[in-house]
Amino acid sequence: MKTISIIDAKNHIGEEVKIGVWLTNKRSSGKIAFLQLRDGTAFFQGVVVKNNVSEEVFALAKEVKQEESLYVTGTIHEDQRSPFGYEIELSGIEKVGASENYPISPKEHGVDFLMDHRHLWLRSKRQFAVMKIRNEVIRATYEFFNKEGFIKIDAPILTGSAPEGTTELFHTKYFDKDAYLSQSGQLYEEAGAMAYGKVFSFGPTFRAEKSKTRRHLIEFWMIEPEMAFMHQEESLEIQERYIAFLVQSIIDNCTYELGILERDVAVLKKYTELPYPRISYDEAIEMLQKSGEFSDIEWGVDFGSPEETYLAEHFSKPVFVVNYPKAIKPFYMKPHPTRADVVICADLLAPEGYGEIIGGSERATDPAFLETQIEKAGLNKDDYQWYLDLRRYGSVPHSGFGLGLERAITWLTGEEHIREAIPFPRLLNRIYP
RNA sequence: UGCUCAGUAGUUCAGUGGUAGAAUAAUUGACUGUUAAUCAAGAGGUCGUAGGUUCGAAUCCUACCUGAGCAGCCA
């Protein structure tokens, strides 16, 4: 007898098969029992008919408990009554691991309770769907950048330099020296781009900010491409192609999961249509000033979350906001050739109020300019000598961007909160489990 | 970090000064197509913690702890 996965049930209609499963729920009557089963690939139902099985098997079907692990054997059937389309009529049940008083019931639970049981919550259907989509986004990311000629260059997680705002960095020791957990791999990716042309990183980043919103994690994963011999406009084209590719990949490969989440595929489909609109920071300020709601906003300030949502609502697709004031952006961004007060950069705002998912820019290439910038930002020049070397030895125009993985997943899945886009979220004051 | 709200049964909540409640889960029983199944039964509590007011506090007051939502910061 073949051992199969639930997701492959459609290829085994009429066959007797064996599956290793967990019980998610159970309904039974005197002569029939319905066991809701999951195996990590999908969810479907096992039917046990009293007259067709031994007394022992039916008795076992009646007493099996939520989240007990089982080997079940039976015959796969197509069935219109099943939301999954297929069922298994069981002939045998073998208990593998017991489960007493499983804490998560099919009914409602509060956030705190679920977060304390995150290790078990992951078994639930919605969490399953989100994690599968997360996996598809990661898989599609590798596919996209490989096919575009990028290579993956891993940035270090422990860094020795201490930028000015150390309050938002996690401090640790590196033997007898100070060290900090990475909050971006970008500067290292620039070194990678000068070595290998087009590179990207994918790794965890850490921000010790006291952020407490539905869009922030303390530990999150970032995808940071960096491209040599590339100006802003070409970078924006790669960014929008990348996002469209992610959307198309989950439409193609996550139909079942999107169905579980009740995510409207027609809405997602619109996000694959390129190009995405581009507006300048200046135009964005004008839109906000005319809005009524934000009419007192002045040129030079950064947008808050309500402003980003307002801007994004005016477009049915993600929108690039380009060329922000120099004063509110990091030291490494390239100054605008004709406007001293802005830099060449772009943020990509997701629709539906999900906020900024990409931040990127063209990078400054002049070593003297960068040195001044580093001083102005109050950073230690010695820590950045290696970074300045990148401009001393064959500097070229180059651009890069960073995508917040969990932000993108929250948006793509239509979830309410970023904490559900990562298996074990690290949130303000929450590091268990 | 600020503002707002909330901590009562395993869970989700009601109870706003006078005997601690419901639903659901778990347990036991009934039921041949259930989909958060249904029906019946019994069981389940240091009302976040510490003080205070009162004849009497889950309820009013003070402090603290914990969580959530929003904001700032950002991806």
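We name chains A, B, ... by the order of the sequence lines, and we start the count at 1 in each one.
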Check whether any side-chain heavy atom of A:T141 sits under 4.5 Å from a side-chain heavy atom of A:L403, and report yes or no. no
Pairing partner of B:A58 (Watson-Crick or G-U wobble, both distances under 3.5 Å): none
Using the P atom as the point on both nucleotides, what is the distance between B:G48 and B:U66, in whole Å? 16 Å
Assert: residue with more 5' nearest nucleotide on RNA chain B, out of A:I328 and A:L427, is A:L427
Give me each pair satisfying side chain to side chain donor-acceptor pair (under 3.5 Å) with a member in residues 302-315 of chain A, each pair once, sequence neighbours excluded. A:R215-A:S305
Quick one: A:K329 NZ to B:C73 C1', roughly how many Å, whole number? 12 Å
Are any of A:H417's side-chain N or O atoms less than 4.0 Å away from OP1 or OP2 of B:G69? yes
At 4.0 Å (heavy atoms only), tell me whether A:G355 reaches a base, stays on the sugar-phosphate, or touches nothing. nothing
Is A:E148 salt-bridged to A:R241, going by a charged N under 4.0 Å from an acidic O? yes
A:M222 has an atom CE; how far is it from atom C1' of B:C74, in whole Å? 10 Å
Sequence neighbours left out, what passes ring pair (Phe, Tyr, Trp, His ring centres under 6.0 Å) with A:F58? Give chain and number order. none
Looking at residues at least two apart in the chain, or sitting in another chain, which of them share a ring pair (Phe, Tyr, Trp, His ring centres under 6.0 Å) with A:W221? A:F202
Can you give me the N/O atom pairs linking the protein to nucleotides 1-5 of chain B at distances under 3.5 Å, or say none if there are none?
from, atom 1, to, atom 2, distance (Å)
B:U1, O4, A:K210, O, 3.2

Contact under 4.0 Å: A:R419 side-chain N or O vs B:G69 OP1/OP2: yes
Can A:K147 and A:E143 be counted as an ion pair, charged N to O under 4.0 angstrom? no
May I have the distance from A:W411 (atom CH2) to B:C74 (atom P), rounded to whole angstrom? 22 Å
The ring pair (Phe, Tyr, Trp, His ring centres under 6.0 Å) partners of A:F206 (sequence neighbours excluded) come to none
Sugar-phosphate means primed atoms, P, OP1 and OP2; the rest is base. With that split, encode nucleotides 24-34 of chain B 5' to 3' as B, S or - using protein heavy atoms under 4.0 Å. S-SS---BBBB
If I pick the P atom on B:A9 and the same atom on B:A30, what distance separates them, to the nearest angstrom? 32 Å
Under 4.0 Å between a Lys/Arg side-chain N and an Asp/Glu carboxylate O for A:D264 and A:K270? no
Between P of B:G72 and CD of A:E209, the distance in whole Å: 13 Å
Can you list everything that forms a ring pair (Phe, Tyr, Trp, His ring centres under 6.0 Å) with A:F245? Sequence neighbours excluded, please. A:F144
Whole angstroms only, please: what is the CD1-P distance between A:I218 and B:A75? 14 Å
Please give, in whole Å, the distance from B:G10 C1' to A:I104 CD1? 12 Å
Counting Watson-Crick and G-U wobble pairs only, both distances under 3.5 Å, name the nucleotide matched with B:A26, or none. none
What I want to find out is whether A:E87 reaches A:R81 closely enough, with some N-O distance under 4.0 Å, to be called a salt bridge. no
Could you tell me how far B:A58 sits from B:C47 if I compare only their P atoms? Round to whole Å. 7 Å
Protein-nucleotide distance (A:L348, atom CG; B:C74, atom C1'), rounded to Å: 15 Å
What are the residues of residues 112-132 of chain A, sorted by number, that bring a heavy atom to within less than 4.0 Å of RNA chain B? A:D112, A:F113
Going by salt bridge (Lys or Arg N to Asp or Glu O under 4.0 Å), name the pairs with one or both residues in residues 29-42 of chain A, residues two or more places apart or in two chains. A:R38-A:E67
Quick check: does any side chain N or O of A:S280 sit under 3.5 Å from a backbone N or O of A:E283, one acting as donor and the other as acceptor? yes
Distance-only check: which donor-acceptor pairs under 3.5 Å involve side-chain atoms of residues 105-114 of chain A, not counting sequence neighbours?
from, atom 1, to, atom 2, distance (Å)
A:S105, OG, A:K107, N, 3.3
A:S105, OG, A:H109, NE2, 3.3
A:H109, NE2, A:S105, N, 3.0
A:H109, NE2, A:S105, O, 3.3
A:D112, OD1, A:R430, NH2, 2.7

Sub-4.0 Å heavy-atom contacts from residues 137-148 of chain A onto RNA chain B, ordered by number: none
At 4.0 Å (heavy atoms only), tell me whether A:H216 reaches a base, stays on the sugar-phosphate, or touches nothing. base
Salt bridge (Lys or Arg N to Asp or Glu O under 4.0 Å) contacts touching residues 272-281 of chain A (sequence neighbours left out): A:E233-A:R278, A:E240-A:R278
In whole Å, measure the gap between the C1' atoms of B:A14 and B:U8 for me. 10 Å
Using a cut-off of strictly less than 4.0 Å, decide whether A:R215 has a side-chain nitrogen or oxygen near OP1 or OP2 of B:C70. no
For A:R263, is there an ion pair with A:E352 - N to carboxylate O distance below 4.0 angstrom? yes
Which nucleotide wins on minimum distance to the side chain of A:N429, given the candidates B:G72, B:G67, B:A75? B:G67
Whole Å only: how far is the CD atom of A:E420 from the P atom of B:A68? 12 Å
